2 protein chains.
Amino acid sequence: MPPSMKPSASPAGDKARLSRELVLSTALALVDSEGLEALTMRRLGQELNRDPMSLYRYAANRAALLDGVTELVLDELAIFPEDPDWQSQLRNIAHDLRLLALRHPNVVPLLVTRPLSTPLGLRPLGTLRPLEQILSLLIDAGFEPSDALHVYRAYYGFLYGHILNELQEFIVDPEENEALLRLGLHRLPPKEFPRLRALGPVLTDYDGAAELDQGISILLAGLAAPLAAAKTSKKPQ
Amino acid sequence: MPPSMKPSASPAGDKARLSRELVLSTALALVDSEGLEALTMRRLGQELNRDPMSLYRYAANRAALLDGVTELVLDELAIFPEDPDWQSQLRNIAHDLRLLALRHPNVVPLLVTRPLSTPLGLRPLGTLRPLEQILSLLIDAGFEPSDALHVYRAYYGFLYGHILNELQEFIVDPEENEALLRLGLHRLPPKEFPRLRALGPVLTDYDGAAELDQGISILLAGLAAPLAAAKTSKKPQ
DNA sequence: ACCATTTGTCTACGCTGTAGACGTTACGCG
DNA sequence: CGCGTAACGTCTACAGCGTAGACAAATGGT
């Protein structure tokens with residue numbers, strides 16, 4: 001074989017033209033499989049069989065690359081603002097987002113921290129789309145726009161909180177996790193942590209979906225109350 | 001002045017013995033004033049007027065240093081499990097934690113992401129103390145231990161979510177923020193983001209404490225219901 | 001077949017965390 | 001007091017990081 005045609009000496013040898021989508025998706029794959037800290041310009045370049053510097057044609061810098069990855073992940077979330085039943089909609093979205101987080105646990109830190117470094121007005125459009133769509137949903141359901149914003153905040157706040165909670169207890173494989181947990185709990189000073197130590201057995205089985213669902217129920221009940229009140233107070237008046 | 005006594009040529013010249021507390025507290029100060037990325041071993045060493053390598057006597061590596069900082073911050077949270085009124089307790093703690101987050105906004109990313117990288121059993125004790133104390137609180141209030149765990153999760157989940165929410169919209173000084181917001185909103189494609197654009201004015205004034213309080217009310221109402229039900233069902237039986 | 005523009009590469013710089021060997025100081029004990 | 005030991009601090013060095021700037025290669029329109 002003459003080396004003139006395919007100089008792909010290395011096994012990973014697709015030399016197709018790069019594109020932002022390709023860069024971001026392999027970045028995501030890298031993060032999914034090896035964690036956030038594995039996503040370096042050099043490593044990603046090597047993953048794509050390109051010079052690291054070529055990446056800068058598709059992302060201004062590493063931070064922008066991270067933003068691109070979060071945007072890519074959030075695009076996996078499908079929202080259908082047409083559905084008139086806003087409560088079941090919010091419930092479905094919650095579960096979808098939960099599954100999305102479980103699918104990309106290593107991206108969750110980005111999801112929750114990147115917005116902290118970027119003023120709302122300058123965030124990637126993809127990360128604002130869920131906000132817009134949920135606002136639509138709520139306004140169409142009869143909420144005043146400003147109330148819709150409050151509902152959104154309570155809802156999304158709870159949702160993100162739950163995801164963080166669940167991911168803390170999840171981590172890697174349950175086998176090692178359980179062993180580690182027992183070991184760790186045993187290490188706790190019994191005088192200081194009696195409750196936690198006693199909860200050891202309960203801590204191991206954690207039904208995230210159920211816990212989320214039940215939290216959403218509580219929240220929806222509380223959030224729907226003023227809406228119902230407004231409706232009934234408008235009727236008799 | 002003979003240079004034999006005080007060779008402190010540089011202005012920041014206290015050459016007292018180091019200690020873990022000193023290292024961590026100046027690390028925290030550095031993070032508070034200049035952000036997370038300013039906390040490098042070299043920079044911290046220079047802040048303490050010491051060789052960067054000396055820090056490794058007090059923290060095994062940079063990750064451990066970050067854990068130490070989070071622990072230090074969480075120690076600012078005072079919980080008094082004696083108070084019999086668990087609802088007002090949880091409400092107070094929520095507001096305390098909110099203020100703590102506003103006092104150390106740059107540490108919040110650590111608060112929410114460090115636990116994701118550390119199995120529960122191996123976390124710094126300081127970060128587990130709030131969990132233990134709130135469990136105590138709830139169990140003393142009459143919850144079954146496993147229910148207490150569920151309540152804790154819903155409560156803390158919401159709390160962390162709210163903090164993330166509020167910090168996203170807060171950021172730096174309101175002046176620049178408002179200008180940026182207007183600019184940013186104006187940039188949004190009107191066809192795609194009509195709701196968000198219309199909410200511009202409302203977005204600027206955000207009463208985090210009120211929003212938190214109201215969310216907590218909803219949550220507490222929902223969480224207390226089963227407890228009350230259990231009490232009344234036990235009486236007639 | 002040409003040129004212009006986009007895309008990829010190369011080199012180099014200052015920064016990072018930290019391993020390992022080495023002085024230096026402080027402290028307990030005789 | 002002095003001595004030995006252990007804790008503390010420093011130095012040097014290395015591999016890896018993000019990325020600026022100059023350059024080569026490829027691509028696509030005319």
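Computed from a prediction, not measured in an experiment: that's the story for all the values here. Here is the naming used below: chain letters follow the sequence lines, and residue numbers restart at 1 for every chain.
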Separation of atom CD in B/Q46 from atom C1' in D/dG9, rounded to whole Å: 17 Å

For atom CZ of B/R20 and atom C1' of D/dC8, their distance in whole Å: 16 Å

Under 3.5 Å donor-acceptor, A/Y155 side chain and A/A94 backbone: yes

Pair B/R123, A/Q168: side-chain N/O donor-acceptor within cut-off below 3.5 Å: yes

Distance-only polar pair, side chains of B/S136 and A/R195, donor-acceptor under 3.5 Å: yes

Trace of the salt bridge (charged side-chain N to carboxylate O under 4.0 Å, His left out) decision for B/E192 with A/R129: CA-CA 8 Å; B/E192 272 184 287; A/R129 198 154 288 126; 2.9 Å; yes

Full working for side-chain contact (heavy atoms from CB on, under 4.5 Å) between A/I93 and A/Q89: CA-CA 6 Å; A/I93 295 171; A/Q89 265 280 15; 3.9 Å; yes

Footprint string (nucleotides 9-18 of chain C, 5' to 3'): B base within contact, S backbone only, - free, heavy atoms under 4.0 Å: BB-B---BBB

